[in-house]
Novice: 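Structure below; questions to follow.
By convention in this document, chain letters (A, B, ...) are assigned in the order of the sequence lines, proteins followed by strands, and residues within each chain are numbered from 1.
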Number of protein chains: 2
Amino acid sequence: MPKDSAETKYFTVDCPNRLLFAEIADKWSMMILSVLDTGPHRFNGIKRCLEGVSQKSLTQTLRKLERNGIISRTVRSTSPVAVEYAMTPLGMSLLGPYRAIYTWTCVNLSEVNAARLEYDGRQT
Amino acid sequence: MPKDSAETKYFTVDCPNRLLFAEIADKWSMMILSVLDTGPHRFNGIKRCLEGVSQKSLTQTLRKLERNGIISRTVRSTSPVAVEYAMTPLGMSLLGPYRAIYTWTCVNLSEVNAARLEYDGRQT
DNA sequence: AACAATAGTGCCTAATTGAAACTAAGTCTA
DNA sequence: TAGACTTAGTTTCAATTAGGCACTATTGTT
């Protein structure tokens, strides 16, 4: 007999919010969004802004964001073919919540660093 | 000669915000925070709320959050030793920004699903 | 003709994640 | 008192994922 059979399972593996969260809150997605926040960019333009991205990871992340309707991908048939990535209205609506997290990291970075030093000191 | 030598590198590999963001915005961290938002929990209590976490991943994520000063870890010397995890004030300050993201997923889930269907339809 | 830039793709290895078993200390049951 | 169960992890190994590097194809420049 379980002690607390009423314990709620908050996050099941198929929770849609959990799945969507995993798609929008990863490392590269958020950085791409803040680059596109300054205006439309081309593939290699984004790449130059994000030190350490491989073409493969960038392609994959851009595809994922495009599939979720957060950015748009427009091919321009110019000299060397240009592919322009831009924020969609849906993507723009995500910028507010994202900026809240970003601002939090700016405001609390020193407090986090203090906590880290304190923690590392405890682990003799 | 580079065409645009003034192109800004927004995110370098050692950008502190980028590093901190990676520590707080991963899959399990955010789910753990929303569990602890409802009050202090013990190790296996959290585990039961998060379908699919392994002990290892949970331990690692809890340690990381503790090190960053976002949660506290208290050992109670009761019958089988009890370890209680709770939000710190710093952690609570992160809940607002997190809820903004969570709310966004709730509000825009249907629009994202529509975008996915449209995208998948285009890829005949 | 050779070289650079465009936007990718493909292969292979390195790093991370997760599943399952194990540890250790104490409680409860038969 | 042996056996099973709880607690909170750690360890080991396998699988998934991520990243580095080389390659394609097209156009423009020198």
Side-chain angles (χ1 to χ4, degrees), chain A residues 1-5 7 11-14 18-19 21-23 25-32 35-36 40-67 71-86 123, chain B residues 1-5 7 11-14 18-19 21-23 25-32 35-36 40-67 71-86 123:
Chain A
M1 194 198 298
K3 273 181 188 170
D4 181 11
S5 56
E7 191 158 40
F11 292 102
T12 58
V13 284
D14 57 350
R18 174 171 162 175
L19 295 170
F21 186 83
E23 298 236 327
D26 70 293
K27 180 175 162 182
W28 296 121
S29 293
M30 285 306 195
M31 284 193 262
I32 290 170
V35 169
L36 293 183
H41 279 69
R42 298 170 59 178
F43 186 87
N44 282 317
I46 300 171
K47 193 170 179 300
R48 276 187 293 271
C49 294
L50 269 45
E51 194 178 41
V53 222
S54 63
Q55 284 103 319
K56 189 187 160 186
S57 302
L58 185 54
T59 302
Q60 285 175 344
T61 311
L62 288 169
R63 287 280 182 287
K64 195 177 65 181
L65 291 173
E66 187 198 355
R67 180 169 182 265
I71 63 171
S72 64
R73 180 178 179 274
T74 317
V75 181
R76 303 207 183 287
S77 319
T78 50
S79 53
V81 79
V83 179
E84 193 178 85
Y85 292 93
Q123 322 297 111
Chain B
M1 195 198 298
K3 274 184 188 169
D4 181 9
S5 57
E7 190 158 40
F11 292 103
T12 57
V13 285
D14 58 350
R18 174 171 162 175
L19 294 169
F21 186 83
E23 299 236 328
D26 70 295
K27 179 176 163 183
W28 296 121
S29 292
M30 286 304 196
M31 283 193 262
I32 290 171
V35 170
L36 293 184
H41 280 70
R42 296 170 61 177
F43 186 87
N44 281 317
I46 300 171
K47 192 171 179 301
R48 276 188 293 271
C49 294
L50 269 45
E51 193 179 42
V53 223
S54 62
Q55 284 104 320
K56 187 187 162 186
S57 302
L58 185 55
T59 304
Q60 284 174 342
T61 310
L62 287 169
R63 288 279 183 287
K64 195 177 65 181
L65 291 172
E66 187 197 356
R67 180 168 181 265
I71 63 171
S72 65
R73 179 178 179 275
T74 316
V75 182
R76 304 205 183 289
S77 319
T78 49
S79 54
V81 79
V83 178
E84 191 177 87
Y85 292 94
Q123 323 298 110

Novice: Measure CG/B/L58 against C1'/C/dT17 and give the value in whole Å, please.
Specialist: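 So the two atoms are 14 Å apart, to the nearest Å.
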Novice: Check whether any side-chain nitrogen or oxygen of B/R42 sits under 4.0 Å from OP1 or OP2 of D/dT6, and answer yes or no.
Specialist: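 For B/R42, the contact criterion (side-chain N or O under 4.0 Å from OP1 or OP2 of D/dT6) is not met.
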Novice: Ignoring backbone atoms, test whether A/R63 places a side-chain nitrogen or oxygen under 4.0 Å from the OP1 or OP2 oxygen of C/dG8.
Specialist: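 So the side chain of A/R63 is within the cut-off, an N or O lying under 4.0 Å from OP1 or OP2 of C/dG8.
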Novice: Rounded off to whole Å, could you give me the CD-to-P distance for the A/E51 and D/dG20 pair?
Specialist: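 It works out to 11 Å between those atoms.
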Novice: Give the rounded distance in Å between these two atoms: CG of A/D26 and C1' of C/dT17.
Specialist: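 It works out to 16 Å between those atoms.
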Novice: Taking side chain as C-beta onward, heavy atoms only, is B/R73 less than 4.5 Å from B/Y85?
Specialist: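 In short, these two side chains touch, coming nearer than 4.5 Å.
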Novice: Between C/dT16 and B/W28, is there an OP1 or OP2 to side-chain N/O distance shorter than 4.0 Å?
Specialist: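 The answer is no; no side-chain N or O of B/W28 sits under 4.0 Å from OP1 or OP2.
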Novice: Nearest whole angstrom, please: distance from the P of C/dG8 to the NZ of A/K47.
Specialist: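 Roughly 13 Å, once rounded to whole Å.
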Novice: Could you tell me the separation between the CE atom of A/M31 and the P atom of D/dA18, rounded to a whole number of Å?
Specialist: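 That distance rounds to 13 Å.
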Novice: Taking CD from A/Q60 and P from C/dG10, how many angstroms apart are they, rounded to a whole number?
Specialist: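 Distance, rounded to whole Å: 12 Å.
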Novice: Tell me: CG of B/N44 to P of D/dT6, nearest whole Å?
Specialist: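 The answer, rounded to whole Å, is 10 Å.
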Novice: Look at the side chain of A/F43 and decide which nucleotide, out of D/dG9, C/dA7, C/dT9, has an atom nearest to it.
Specialist: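 The nucleotide sitting nearest to the side chain is C/dA7.
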Novice: Any carboxylate oxygen within less than 4.0 angstrom of a Lys/Arg side-chain nitrogen, looking at B/K27 and A/D26?
Specialist: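 Salt bridge between B/K27 and A/D26, a charged N being under 4.0 Å from a carboxylate O: no.
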Novice: Considering only heavy atoms from C-beta outward, does the side chain of B/E23 approach that of B/L65 to under 4.5 Å?
Specialist: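 Not touching, per the 4.5 Å side-chain cut-off.
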Novice: Counting just side-chain N and O atoms, does A/R73 come under 4.0 Å of either OP1 or OP2 of C/dG8?
Specialist: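 Yes, A/R73 has a side-chain N/O under 4.0 Å of OP1/OP2 on C/dG8.
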Novice: In the structure I gave you, are the side-chain heavy atoms of A/I32 and A/V53 within less than 4.5 Å of one another anywhere?
Specialist: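 Not in contact.
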Novice: Short question: side chain of B/E84, backbone of B/R42 - any donor-acceptor pair under 3.5 Å?
Specialist: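 Not a single qualifying donor-acceptor pair exists.
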Novice: Between D/dG19 and A/S57, is there an OP1 or OP2 to side-chain N/O distance shorter than 4.0 Å?
Specialist: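 True: A/S57 side-chain N/O within range (under 4.0 Å) of D/dG19 OP1/OP2.
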Novice: Mind calculating the distance between NZ (A/K56) and P (D/dC21) to the nearest angstrom?
Specialist: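 My rounded result for the distance is 14 Å.
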Novice: Remember a base hit wins even if backbone is also touched, and classify B/K27 as base, sugar-phosphate or nothing at under 4.0 Å, heavy atoms.
Specialist: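 B/K27: backbone/sugar contact only, no base atoms under 4.0 Å.
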